[in-house]
Amino acid sequence: MADNTDDYSYDYEYLYKIVLIGDSGVGKSNLLSRFTRDEFNLESRSTIGVEFATRTLEIDGKRVKAQIWDTAGQERYRAITSAYYRGAVGALIVYDIAKTETYESVSRWLKELKEHADANIVIELVGNKSDLDHLRAVPTEEARNFANENNLLFTEASALSSDNVDLSFHQLLKNIYEMISKHQLDTNDGGSNKPTTGGPTISLTPAPQEKRSKNNSNCC
Amino acid sequence: MGKKKQEMSQVYNNSNNEFIFGENGGKGKHLSSFLKNLSLTGTSSTSSVHSANTDNIHEINSNIYGTLGYSSSKVSSNQSNSGPPPKRSVSYKDLDDDWDADIDVSTDSVVRRSPDNRNLSRVTKVESNTSSRSSFNLQPSPMLDSLYPDLTLPATNSSVNLNSQKPTNEESLDVEDYRTTMEINRLNQISSRNNKFRNILISDSIVNLQDLRKLAWNGIPSELRALTWQILLGYLPTNRARQASTLKRKRQEYLEGLNASTIDFEDTAPSNSSSLYHQIKIDVRRTNQSIKLYGYPETQQSLRKLLYLWAVRHPASGYVQGINDLCTPFFQIFLLNYIWQLQQRVLSILEADTYWCLSRLLENITDNYIHEQPGIIRQVGDLRNLISKIDLELLNHLDHEGVEFLQFSFRWMNCLLMRELSISLIVRMWDTYLSETPLGFNNFHVYVCAAFLIKFSNDLKEKDFQEILLFLQNPPTGHWKEKDIELMLSEAFIWQSLYKNASAHLR
Ligand SMILES: Nc1nc2c(ncn2[C@@H]2O[C@H](COP(=O)(O)OP(=O)(O)OP(=O)(O)O)[C@@H](O)[C@H]2O)c(=O)[nH]1
Ligand SMILES: [Mg+2]
């Protein structure tokens with residue numbers, strides 16, 4: 001998976017819409033600025049509503065453009081932000097490894113996605129602030145197990161140190177890419193391993209096996 | 001003057017107000033430079049006016065807020081035996097030496113008005129080092145009292161003839177002289193404007209709101225801004241006889257409200273506090289790091305307190321991210337009024353004033369922050385509708401690119417453009433918003449947003465979906481000056497008068 005930081009706006013073959021969700025203060029905006037601009041800001045201002053950024057990468061020789069929507073974490077903005085889930089093919093649910101409550105909210109965020117996003121959306125769980133290992137409140141294994149049980153990709157990352165930031169996004173985009181290619185191959189034999197009923201478009205549901213192996217090879 | 005400044009900063013550094021100015025960074029260390037940084041209208045004309053002209057203004061403020069250890073025509077030396085203070089003649093030679101430098105900040109000295117200062121030779125003993133640990137002091141304190149002096153009517157004869165200061169050497173009319181003349185004219189203009197404010201604010205027993213609005217719509221001199229804003233918001237009554245007692249009551253009420261809460265406001269640690277307080281904590285820290293003031297723990301604690309109190313008292317919306325931005329103009333502007341006495345109790349007064357004015361402001365836009373934020377949704381719809389009337393071509397382009405108004409203007413409504421414009425410009429904008437009836441934060445703001453968007457119309461029409469969103473997320477307003485804002489406000493005003501009645505739902 002080659003990386004290409006140059007973002008030629010029109011020069012891409014695939015455009016994937018991604019949403020970034022999770023409690024306020026877990027570091028969503030900083031993960032995004034690290035990924036798209038290689039910037040980190042210790043005192044960044046809270047996100048109001050939704051913000052937008054993009055980056056184009058190369059996956060399997062194809063230029064894939066990620067259009068990422070960073071959302072406000074606070075409950076009050078839920079009505080606004082959930083409107084952005086529609087049409088997203090991927091989601092990053094972020095929590096703070098040093099703050100249990102943000103991890104406990106993950107199932108609520110999953111539920112949000114179930115209610116408002118397309119059924120086939122590929123989801124990755126990201127434990128941010130891995131640089132704060134001395135303050136760790138959420139054990140890696142616990143989160144990883146939760147991710148496996150719920151068919152989510154998983155990484156721990158740090159927007160501050162940049163550890164695993166690129167990897168988290170790459171992993172998500174690659175999975176989306178593979179789902180879509182796989183679907184295109186499978187279109188004729190009556191569906192993939194997880195046929196979706198009533199999904200409006202193509203099936204993006206990843207094969208659990210494949211995902212797990214990805215997890216094991218890639219992270220933490 | 002350099003010497004005086006030095007003296008003053010020494011005085012200052014000995015005081016226990018060090019915290020305001022931080023440990024290092026020469027810039028923030030001295031009161032004068034701090035004030036200059038803080039002086040939101042920084043380069044604007046009014047803040048550099050001094051001497052005779054500003055005396056008037058200080059008089060007005062002190063009539064309501066008390067003598068704040070503020071002496072504008074001399075620096076009273078800290079300790080006794082330095083002889084009579086040098087009398088400073090009015091001279092516009094040292095214009096860069098702004099009035100901030102003349103503030104007497106000594107916390108343990110008798111603060112006097114200069115004797116030549118018309119009828120205001122009040123003597124006030126400013127208490128020092130009474131840093132009581134408790135931040136809530138419900139006893140009426142000397143400090144509180146000093147803020148409610150008798151509201152006597154000062155002589156109104158303050159027409160200042162600055163021309164008399166002009167050097168009379170007619171022979172050498174060189175560039176220097178020409179500049180001086182221009183400068184004097186400029187100052188005279190400001191002076192006459194200040195006098196107009198002064199007349200409205202103190203010449204009658206009831207402040208004429210309509211006149212005040214009319215005058216303030218075009219901007220308020222920074223020294224009178226705190227007072228004027230409070231009157232425009234209805235926090236301070238127009239009946240001058242009731243002003244002092246109202247302030248006293250409101251501030252007391254605020255303290256009592258805080259006292260009733262069980263929150264430990266000194267607690268900043270990430271912990272399992274209530275989710276409300278937690279949200280406030282993490283946001284206050286992120287309020288506005290480009291301004292040093294908001295990095296100080298004391299400031300942050302004040303913001304936590306007042307935001308928390310407002311949130312629990314307004315459960316329908318509670319605290320919503322972005323409201324922390326909205327309290328900063330008040331906090332800064334009122335701080336400017338009190339900075340020279342900034343101690344614990346003054347800080348709580350500052351908090352209380354910020355709290356009440358924030359409450360007044362938010363009353364007008366409650367719908368913006370309740371569940372599902374219907375006020376904002378309506379405003380976003382109104383904006384779109386307006387653009388369809390004003391700049392259909394732009395609207396068509398946005399539609400064609402698939403850009404939705406919610407995607408870029410949600411934040412404009414939620415934070416009243418505070419994320420798009422520098423605080424000094426916002427403050428100027430609020431002069432006008434506060435002078436609108438009803439207050440401009442709701443409907444008028446939509447017209448301003450339309451003017452704001454249309455400023456970039458030509459740029460936007462060249463851009464595609466992604467470029468548009470990236471552009472509007474970070475609009476190029478860094479070089480904007482007050483006059484850009486004033487132009488935008490005028491455009492908004494025109495559109496409001498054109499379209500207000502045409503579209504009933506915009507009301
Ligand atoms: N130590 C550490 N701090 C981080 C990291 N990422 C973010 N932060 C800090 O956490 C705070 C919140 O970060 P944001 O990126 O603004 O959080 P957010 O999730 O976007 O918050 P909302 O916009 O309110 O939803 C900031 O002070 C960041 O500097 C990280 O990887 N490590
Ligand atoms: Mg954010």
Side-chain angles (χ1 to χ4, degrees), chain A residues 7-10 12 15 17 23-27 29-30 32-33 36-37 41-56 65-84 86-87 96-102 104-105 108 129 132 135 137, chain B residues 269-273 275-276 278-290 294-295 317-325 368-374 376-377 380 402-404 406-416 418-420 463-474:
Chain A
D7 186 5
Y8 308 105
S9 309
Y10 298 99
Y12 57 85
L15 176 69
K17 177 176 167 182
D23 282 5
S24 178
V26 297
S29 300
N30 276 289
L32 183 61
S33 65
T36 57
R37 303 192 303 275
N41 180 358
L42 202 57
E43 304 294 351
S44 59
R45 301 173 85 171
S46 67
T47 306
I48 303 298
V50 172
E51 281 175 37
F52 166 91
T54 67
R55 182 171 156 191
T56 305
K65 177 168 180 167
Q67 183 187 85
I68 306 160
W69 296 86
D70 173 24
T71 62
Q74 201 192 359
E75 177 83 33
R76 179 53 39 90
Y77 292 119
R78 208 61 48 81
I80 301 299
T81 55
S82 62
Y84 288 84
R86 186 141 305 281
D96 175 348
I97 67 146
K99 214 168 271 132
T100 319
E101 312 89 75
T102 68
E104 282 161 1
S105 303
R108 224 190 44 231
K129 309 199 187 180
L132 301 179
L135 299 173
Chain B
S271 68
N272 42 0
S273 38
S275 71
L276 167 63
H278 171 75
Q279 187 70 54
I280 289 173
K281 251 191 324 200
I282 63 178
D283 282 1
V284 161
R285 220 172 21 216
R286 297 181 285 173
T287 295
N288 190 344
Q289 288 302 320
S290 62
Y294 296 104
S317 80
Y319 169 74
V320 178
Q321 289 184 303
I323 294 181
N324 58 328
D325 291 298
N368 288 8
Y369 304 112
I370 59 174
H371 181 60
E372 296 196 334
Q373 309 192 262
I376 293 188
I377 303 297
V380 169
V403 176
E404 290 167 27
L406 195 64
Q407 288 165 347
F408 63 85
S409 68
F410 179 83
R411 194 171 71 178
W412 298 2
M413 308 305 172
N414 198 83
C415 299
L416 298 171
M418 288 193 59
R419 296 287 181 98
E420 283 69 28
K463 296 184 190 302
D464 68 10
F465 174 82
Q466 172 183 328
E467 291 165 337
I468 291 171
L469 285 186
L470 292 178
F471 181 90
L472 290 178
Q473 247 163 235
N474 207 354

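Chain identifiers are assigned alphabetically (A, B, ...) following the order of the sequence lines, protein sequences preceding nucleic acid strands; residue numbering begins at 1 within each chain.
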Taking only residues two or more places apart in sequence or in another chain, which ones pass side chain to side chain donor-acceptor pair (under 3.5 Å) with B:Y369? none

State which residues pass side chain to side chain donor-acceptor pair (under 3.5 Å) with A:R37; sequence neighbours excluded, sorted by chain then number.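 Once residues adjacent in sequence are excluded, the partners of A:R37 under the side chain to side chain donor-acceptor pair (under 3.5 Å) criterion are A:E39.
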
Chain B heavy atoms under 4.5 Å from A:T47: which part of the residue, side chain, backbone, both or neither? backbone

Please classify the contact between A:Y84 and chain B as side chain, backbone, both or neither, with a heavy-atom cut-off of under 4.5 Å. side chain

Which value, rounded to the nearest 0.5 Å, describes the distance between [X] atom [atom1] and [Y] atom [atom2]?
X      : Y      : atom1 : atom2 : result
A:E75  : B:L276 : CD    : CG    : 13.0 Å
A:I80  : B:Q373 : CD1   : CD    : 5.5 Å
A:L15  : B:Q466 : CG    : CD    : 8.5 Å
B:R286 : A:S24  : CZ    : OG    : 4.5 Å

Under the 3.5 angstrom rule, does the side chain of A:Q74 hit a backbone N or O of B:Y319 as a donor-acceptor pair?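 Confirmed, A:Q74 side chain pairs with B:Y319 backbone.
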
Side chain to side chain, [X] and [Y], heavy atoms closer than 4.5 Å:
X      : Y      : value
A:R76  : B:Q279 : no
B:Q407 : A:V50  : no
A:R45  : B:D325 : yes

Looking only at B:N414, B:I282, B:D283, most heavy-atom pairs under 4.5 Å shared with chain A are made by B:N414

Go through B:R419, B:R411, B:E404 and name the one with the most non-hydrogen pairs under 4.5 angstrom from chain A.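 When all of B:R419, B:R411, B:E404 are compared, B:R419 has the most.
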
With a 4.5 Å cut-off on heavy-atom pairs, point out which of A:S44, A:G25, A:A83, A:G73 contacts chain B the most. A:S44

Measuring heavy-atom distances to chain A, does [X] have an atom under 4.5 Å in its side chain, in its backbone, in both, or in neither?
X      : result
B:T287 : backbone
B:E372 : both
B:I376 : neither

Heavy-atom closest pair (B:C415 atom, A:I48 atom, distance to 0.1 Å) is SG-CG1, 3.6 Å

Grab the two heavy atoms, one from B:Q321 and one from A:A72, that are nearest each other, plus how far apart they are. OE1-CB, 4.4 Å

For a ring pair (Phe, Tyr, Trp, His ring centres under 6.0 Å) with A:F52, tell me which candidate from B:F410, B:F408, B:F465 qualifies.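 Only match with A:F52 under ring pair (Phe, Tyr, Trp, His ring centres under 6.0 Å): B:F465.
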
